[in-house]
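Values below: every heavy atom of this structure, side chains too, minus hydrogens, waters and symmetry copies. Numbered from 1 within each chain, the chains take letters A, B, ... in sequence-line order.
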There are 2 protein chains.
Amino acid sequence: MSKTTVSRALNGYPEVNDKTRQRVLEAAREAGYEANPMARSLAVGRSNVLGIIYPLLPADLGDSMFLDVVGGMSEALEAARMNLIIAPVSQANELPSYEQMVRGKRVDGLVVSRTMVHDERIAYLCKAGFPFVAHGRTRLDTPYAWFDYDNESGIRLALGRLLSLGHQRIGLLSAPLQMNFACQRKESFLAMMAEAGLRADPRWMIGDTIDRRSGYQAMQQLLECTDRPTAVVVDNHLSGVGAVRALMDAGIEIGKEMSVIVWGSVADTLVGLDVTTIDQPDARRAGARMSQMLLSLIEGAPAESLQELWQPVLLAGATAGSCPH
Amino acid sequence: MSKTTVSRALNGYPEVNDKTRQRVLEAAREAGYEANPMARSLAVGRSNVLGIIYPLLPADLGDSMFLDVVGGMSEALEAARMNLIIAPVSQANELPSYEQMVRGKRVDGLVVSRTMVHDERIAYLCKAGFPFVAHGRTRLDTPYAWFDYDNESGIRLALGRLLSLGHQRIGLLSAPLQMNFACQRKESFLAMMAEAGLRADPRWMIGDTIDRRSGYQAMQQLLECTDRPTAVVVDNHLSGVGAVRALMDAGIEIGKEMSVIVWGSVADTLVGLDVTTIDQPDARRAGARMSQMLLSLIEGAPAESLQELWQPVLLAGATAGSCPH
DNA sequence: TTGAAAGCGCTAACAG
DNA sequence: CTGTTAGCGCTTTCAA
């Protein structure tokens, strides 16, 4: 029996005789044989592997949201007989790693996480014509495939809640504004404050709060303002944890003296504290969806048909209360 | 100029003329050429990739220790012009993924994390003769390469401290005992208690505490004992966080009414609380060392020469105090 | 010091 | 339905 027939039998081509196929499958199983994926990729020009290049910042990989998304992706891909790999690289090596991945064709497509407003990785992938899905949007002229939660509507949910509770002096803790989500959330914040006829005091808007420590310090800084805000929106969960901790440590009654709404789940860290939250539901499904999108893209679907915006929701908790007088 | 010469020039073979080499390198750089790693691997039988197969349990990938180790590995490997990939798989697919990796030869070696007392993954790799380094030990007759921190001495440090503070009623919260570290730590605990002539009350030894929730509940359970212990050792940091939280919520004065020593760093979670800790220092260096070990193994070094035991240290904090009367 | 040819393990086009 | 032939892009003998 020839290589060819074996190959066809194993790859489920329709033209092989059922009895032959059975024999081949049986023999393969007994011998524990499995096609060498390298040789296959070389021949067929496809690796059946999707990748994520991930600079190892503990703050991110430790992010349970990211983990859920990746979990959803890998699960969906297992079903599609594809593999997912994460390439952890040093931050300095991020762009070079993209180039290497693309030139080396070790993966058929990439997911780009943590998008920047101006993102050189995405610019490169576009230029190279390499399939990718951006997890988060970016500023770009050419159409590209992306998956994101609606930053604007999320902020509107949060701010709407605070306004309806009577708050007028509202602060914002932002992640670095080069990050697209932080930028969009801040812009939405400013827009909605303006619509409400309120002034967004610059002293109440603190940037670069991306982890617990910086969130903690930012909240301390707000507390020291002579006329401090009565409510604060935090645009990411890690600094949200820090901010809430700062309030606890300062003996502030959260939800009374100061209200807080955090974007992202903090439940597993702040046990027993019911934080009002903007939540991105269905993280695993989101991951599954992104892998489907990437597969479609590889199959040749146009990028402009692969743009998906999911809606965040407000989970009411105890940390957003009426404005004190 | 032939393929052959180009290949030799790029791979730094000594026999090529210096001028030729310069020309080739120049041309390659201009064209942005880089050898196709698939084809290379196929020809040479080596992929220059090392891997970690990782079932996505948030509790683990979120572990900052693991992140540091992986960071150290990838950094060291970048220097050695090797690549590291993490393959996140569903737990059910863990062993099949090992088989696939081995048969597929997509990686030259593997690091096996979270070793079990009886570990089928390691048994399989041994049987298959595939190069691997175990991150943590296991029960096995044949020699294998491993890297671990000394579980016994760590427990001795913790227990020694508590004994010298006068404690006699000491509890232990353990991760599932199939996990090698949990098993060794518990055995050391029992041995040292026996040496000290103390009884290890079964009601004070609670198992399967591997995350915050279970750690929290276990500590609650201890608190409900009619004659509860005066000190507790927790063998992993996640349940350590839960356990400490339980004490805080119960209004127990930690370090006075109840002492706690946790194995693993909890500083980034329990901000502002100075927990007495058994620490595994130099996580990044440990990662670097493990990748070196794996590389040596691939080069043909004997596994029995690649076994490394590092010493944990006790970081004195405020949660271990004298035994109350 | 360079080149020609064989082959790594597979798939795909083309005959039979 | 099955086999033969020709590559995929590289490295590596072996000759020149």
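The ring of Phe130(B) has its center no closer than 6.0 angstrom to the ring center of Tyr98(B). Between Phe181(B) and Tyr149(B), a ring centre-to-centre spacing not shorter than 6.0 Å is recorded.
Arg284(A) meets the salt bridge (Lys or Arg N to Asp or Glu O under 4.0 Å) test with Glu75(A); sequence neighbours excluded. For Glu78(A), there are no salt bridge (Lys or Arg N to Asp or Glu O under 4.0 Å) partners two or more places apart in sequence or in a different chain.
Evaluated for a side chain to side chain contact (heavy atoms under 4.5 Å, CB included) with Asp148(A), the options Gln184(A), Gln280(A), Gln307(A) yield exactly one hit, Gln184(A).
In the helix from dT1(C)-dA16(D) to dG16(C)-dC1(D), the terminal helix axes, each the rotation mapping four pairs' C1' atoms onto the next four within five end pairs, subtend 40°, rounded to 10°.
The pair Glu26(B)-Arg23(B) does not count as a salt bridge, with every side-chain nitrogen at least 4.0 angstrom from each carboxylate oxygen. A salt bridge links Glu299(B) with Arg46(B); the closest basic N to acidic carboxylate O contact falls under 4.0 Å.
Here the side chain of Thr115(B) pairs no donor or acceptor atom with the backbone of Asn180(B) at under 3.5 angstrom. Side-chain N or O atoms of Ser291(B) include one that pairs as donor or acceptor with a backbone N or O of Gly287(B) at under 3.5 Å.
Taking every nucleotide of DNA chain C with any atom under 4.0 Å from a non-hydrogen atom of chain A, the first and last of them, 5' to 3', are dG9(C) to dA13(C).
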- Task: Let me have a per-nucleotide readout for nucleotides 9-16 of chain D, 5' to 3', with B, S or -, counting only protein heavy atoms under 4.0 Å.
- Result: BBBB----

Donor-acceptor pairs under 3.5 angstrom involving side-chain atoms of residues 36-45 of chain A: please list them, not counting sequence neighbours.
residue: Asn36(A); atom: OD1; partner: Met38(A); partner atom: N; Å: 2.7
residue: Asn36(A); atom: OD1; partner: Ala39(A); partner atom: N; Å: 3.3
residue: Arg40(A); atom: NH2; partner: Asn11(A); partner atom: OD1; Å: 2.8
residue: Ser41(A); atom: OG; partner: Pro37(A); partner atom: O; Å: 2.5

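Residue-level contact check: Thr20(B) touches the backbone only, with heavy atoms under 4.0 Å from sugar-phosphate atoms and none from bases.
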